[in-house]
Number of protein chains: 2
Amino acid sequence: MVSTESAAANELLAVRAAELYYEENKTQDEIGAILRVTRWKVGRLLAQARERGIIRIEIVHPRARRLSLERELGARFGLQDAIVVPAPADPIELQARVAEAAADYLVSVRPVPRLLGVSWGRTLHQVAEALPVGWATGVNVVQINGGVSLSKRPGTAASTAVMIAQKAGGQATLLPSPAILERLETKKAIESDRTVGGVVQMARGAAAYLFSAGVADLSSVHVDSGYLTGDDIAALVERGAVGDVIGRYITADGTIADPELDARTLGLSLEELRAARSSILVIGGESKHPVARAIVTHGLCSVIVTDEHTARALLDEGDDPTETISTTSPTSGGHHS
Amino acid sequence: MVSTESAAANELLAVRAAELYYEENKTQDEIGAILRVTRWKVGRLLAQARERGIIRIEIVHPRARRLSLERELGARFGLQDAIVVPAPADPIELQARVAEAAADYLVSVRPVPRLLGVSWGRTLHQVAEALPVGWATGVNVVQINGGVSLSKRPGTAASTAVMIAQKAGGQATLLPSPAILERLETKKAIESDRTVGGVVQMARGAAAYLFSAGVADLSSVHVDSGYLTGDDIAALVERGAVGDVIGRYITADGTIADPELDARTLGLSLEELRAARSSILVIGGESKHPVARAIVTHGLCSVIVTDEHTARALLDEGDDPTETISTTSPTSGGHHS
DNA sequence: CCGGCTCCTGCTCATCTGAGCAGTGGCGCA
DNA sequence: TGCGCCACTGCTCAGATGAGCAGGAGCCGG
């Protein structure tokens, strides 16, 4: 082992080398001449500087992604794909970034789905807006859960699906039904109506699903739309509900929180969603961490688009005690290390 | 020219390429395969990303330097050398970093000076402390201006010189005299004394000078030591004094603020300092910007060791209107651009 | 419609850089 | 003292990268 003193000297050398290499664009050979070491040593110094984190390489761009987190997420939860964007401090900005990233992802999906099943909500509406006109050609869209006819902001549910379809030069098929019915019989009746049943049937054949999730609290669109009251939400929380996926409230265990309520909820079932080849979850923000975890740990999505805080939360809390994943040491520290 | 849309697409591509290159350590060829472009395009994308600042490479280390600022300073003020360190927010920390950097520099100076002239003060004391034992061999040290016999912290002036010499296995020669005498006759008398005169004579022969500068305000060591009163300082400021160099108060024009006072000040003259082959100024912190500017713009030092804020202040305010130096575009943006 | 202009593209070639390897020297332990 | 271990060094070689260039596409003014 080298003495402590020369180890410190080595670190200083590494710093000088890094400065000359990254700030002055000198070649390793030139640096070697300046620092009076061989170019191989300079190479090792630089590798060391990158490993030890003396050099920090950051990509500052709204559309940047966190590839290492993506890989970890994918591996941990057996996802087909994961998109993680840097999280801005402002929650509104954060939502926008996640939505943009989802739009980018949708554009790049291969093979292009002939039929895309979509849910609705604030998040998905932003995704629809972020999609460029002509993002694909001939993609048809079908709603996978009931719309918000009673909404304070009418037409949101419909406009999301329509906008996505329009921008891809395709047809949108809407689900002309409330999300949750008051009586089970009504739900069964409406479901058996050919217009409604046919749409649900069509939704079952979609090549991919695009959906988000809501939190089980008063901010929910279901409360906004009058499908559920504050008391209903409280009861759901009592039963362990963490949030809703395509209108169905689930617990942290990934199970239906209230089977009776669920029976009155119209649209694709959780099992159908789970069985899908491609289901893309778009979710971001602190409040949604619990739902996100429930979805992701119970196979309800095959692709996740989220922010880095959510990603880290998913990875941290679900941590195997046996396997410590890089909190201190970077997973992909080096530059050609 | 390419359309706006594809320019944006290009930027996105650059971001993806940067992520893959810097975070995933992929080769440009592999990235080309992923993004479906040629490897040459990937190379250009990366160059573009670096130029446009999409990629930020930062060296996080206490001993890091700002080489681009160093070059600019050197060029602008015709310096032999300039050392610029990143400025921590804490002023105390900042002083420590500048002192360390000065020590590092001193260690690396070639040829090693046989005789080093030093002034004294808080900054220089820190430099002395930061020097490693054995930083050189056989370097003798001589004081270049009067010491602080009246100091509240006695021995500081002496101990600086002694410590520097000891750590290099050399002899220290002290200047056994007050910095400023009350009467001109006393100054002349003491100056003609062989012990004192001989030391000044020896100081004139030093191969290099190491000095700092003080601010013309109540925090000055001269006030602390009782050489000057608050009124004296006020009078000096009235005459345009910005601070002192080796005990001599100068104006922003680089001239002596008060010739009468200066005549009573014992030690190397400003002209002798200016004529020196190697004079190393160690200076840092907001309050010292004006003195630093006076020194540097009037050739009173050949080497400066400072913090990046001071460096930038020197470059900004002294700006030629004809020549706009990179405030927006980085001087050395690229990595092998 | 044409020539001139600029910018972009993909190429060749020279250079730069990292992986891997054998030689060396310090250091602890017998 | 002698032995083996280990880290470090400088090398060869192949793969990765950047500089510079010719060809081509889009654009404008005549």
Side-chain angles (χ1 to χ4, degrees), chain A residues 1-57 59 67-68 134 329-337, chain B residues 1-57 59 67-68 134 329-337:
Chain A
M1 182 49 123
V2 182
S3 78
T4 310
E5 192 194 324
S6 79
N10 232 315
E11 182 159 318
L12 256 183
L13 264 190
V15 173
R16 298 276 165 267
E19 289 169 339
L20 293 164
Y21 191 72
Y22 288 104
E23 297 191 357
E24 300 287 281
N25 297 330
K26 298 216 183 293
T27 137
Q28 297 188 1
D29 226 353
E30 291 176 293
I31 297 170
I34 294 169
L35 301 181
R36 297 161 189 277
V37 293
T38 59
R39 73 183 185 77
W40 295 284
K41 171 125 189 167
V42 174
R44 286 182 193 116
L45 248 19
L46 288 170
Q48 193 186 321
R50 289 185 292 252
E51 276 165 29
R52 298 226 225 147
I54 291 174
I55 292 162
R56 181 174 303 159
I57 298 177
I59 294 160
L67 300 174
S68 51
S329 65
T331 313
S332 73
H335 158 72
H336 293 187
S337 52
Chain B
M1 182 50 115
V2 182
S3 77
T4 310
E5 192 194 325
S6 80
N10 232 315
E11 181 158 317
L12 255 183
L13 265 191
V15 173
R16 297 277 165 264
E19 288 169 339
L20 293 164
Y21 191 74
Y22 287 105
E23 295 191 357
E24 300 287 282
N25 297 328
K26 299 218 182 291
T27 100
Q28 298 188 0
D29 226 352
E30 290 176 291
I31 296 170
I34 294 169
L35 302 182
R36 298 161 189 276
V37 293
T38 59
R39 69 182 187 77
W40 297 284
K41 171 121 191 171
V42 174
R44 286 182 193 117
L45 246 21
L46 288 170
Q48 193 186 320
R50 289 185 292 253
E51 276 164 28
R52 299 227 223 144
I54 290 174
I55 292 162
R56 182 175 302 160
I57 298 178
I59 295 161
L67 300 175
S68 51
S329 65
T331 314
S332 74
H335 157 72
H336 293 188
S337 52

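Small disclaimer: the values here were computed from a predicted structure and weren't measured.
- Rounded to whole angstrom, the span from the CG atom of A/Asp29 across to the C1' atom of D/dG10 amounts to 13 Å.
- When the side-chain nitrogen and oxygen atoms of A/Gln28 are compared with OP1 and OP2 of C/dT15, none of them lie within a distance under 4.0 Å.
- Atom CZ in B/Arg36 sits about 19 Å away from atom C1' in C/dG10, given to the nearest Å.
- Between the CD1 atom in A/Ile57 and the OH atom in B/Tyr21 there is a gap of 9.5 Å [rounded to 0.5 Å].
- A/Ile31 places its CD1 atom 15 Å from the C1' atom of C/dT15, with the value rounded to the nearest Å.
- Separating the CG atom of A/Leu35 from the C1' atom of D/dG10 is a distance of 17 Å, rounded to the nearest angstrom.
- Distance NZ (B/Lys26) to P (D/dG15): 19 Å, rounded to an integer number of Å.
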Identify all side-chain donor-acceptor contacts of residues 29-45 of chain A below 3.5 Å with residues at least two apart in sequence or on another chain.
{"unit_1": "A/Glu30", "atom_1": "OE1", "unit_2": "A/Thr27", "atom_2": "N", "d": "2.8"}
{"unit_1": "A/Thr38", "atom_1": "OG1", "unit_2": "A/Lys41", "atom_2": "N", "d": "3.4"}

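- Of the candidate nucleotides D/dT9, D/dG18, D/dA16, D/dA16 has the atom lying nearest to any side-chain atom of B/Thr27.
- The distance from atom CG of B/Asn25 to atom P of D/dA16 is 13 Å, rounded to the nearest whole Å.
- Between the CG atom in A/Leu67 and the CD atom in B/Glu24 there is a gap of 4.5 Å [rounded to 0.5 Å].
- The nearest whole Å value for the distance from the CG atom in B/Leu46 to the C1' atom in D/dA16 is 13 Å.
- In this structure, the NZ atom of B/Lys41 is 17 Å from the C1' atom of D/dG18, given to the nearest Å.
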**OP:** Decide yes or no on side-chain hydrogen bond (donor to acceptor under 3.5 Å, both in side chains) for B/Arg50 and B/Tyr22, but give the supporting numbers first.
**Re:** CA-CA 11 Å; B/Arg50 289 185 292 253; B/Tyr22 287 105; 2.9 Å; yes

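- Applying the 4.0 Å criterion to OP1 and OP2 of D/dA16, one finds that B/Tyr21 has every side-chain N and O outside that range.
- When the nearest nucleotides of DNA chain C are assigned to A/Gly43 and B/Val37 by heavy-atom distance, the more 5′-ward of the two goes with B/Val37.
- Atom CD1 in A/Ile55 sits 6.0 Å away from atom CG in A/Leu46 (nearest 0.5 Å).
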Nucleotide N/O of nucleotides 11-14 of chain C paired with protein N/O under 3.5 Å:
{"unit_1": "C/dT12", "atom_1": "O4", "unit_2": "B/Trp40", "atom_2": "NE1", "d": "3.2"}

Original post:
What's the verdict on side chain to side chain contact (heavy atoms under 4.5 Å, CB included) for A/Arg56 and B/Arg56, showing C-alpha distance, side-chain angles and the deciding distance?
Top reply: CA-CA 8 Å; A/Arg56 181 174 303 159; B/Arg56 182 175 302 160; over 6 Å; no

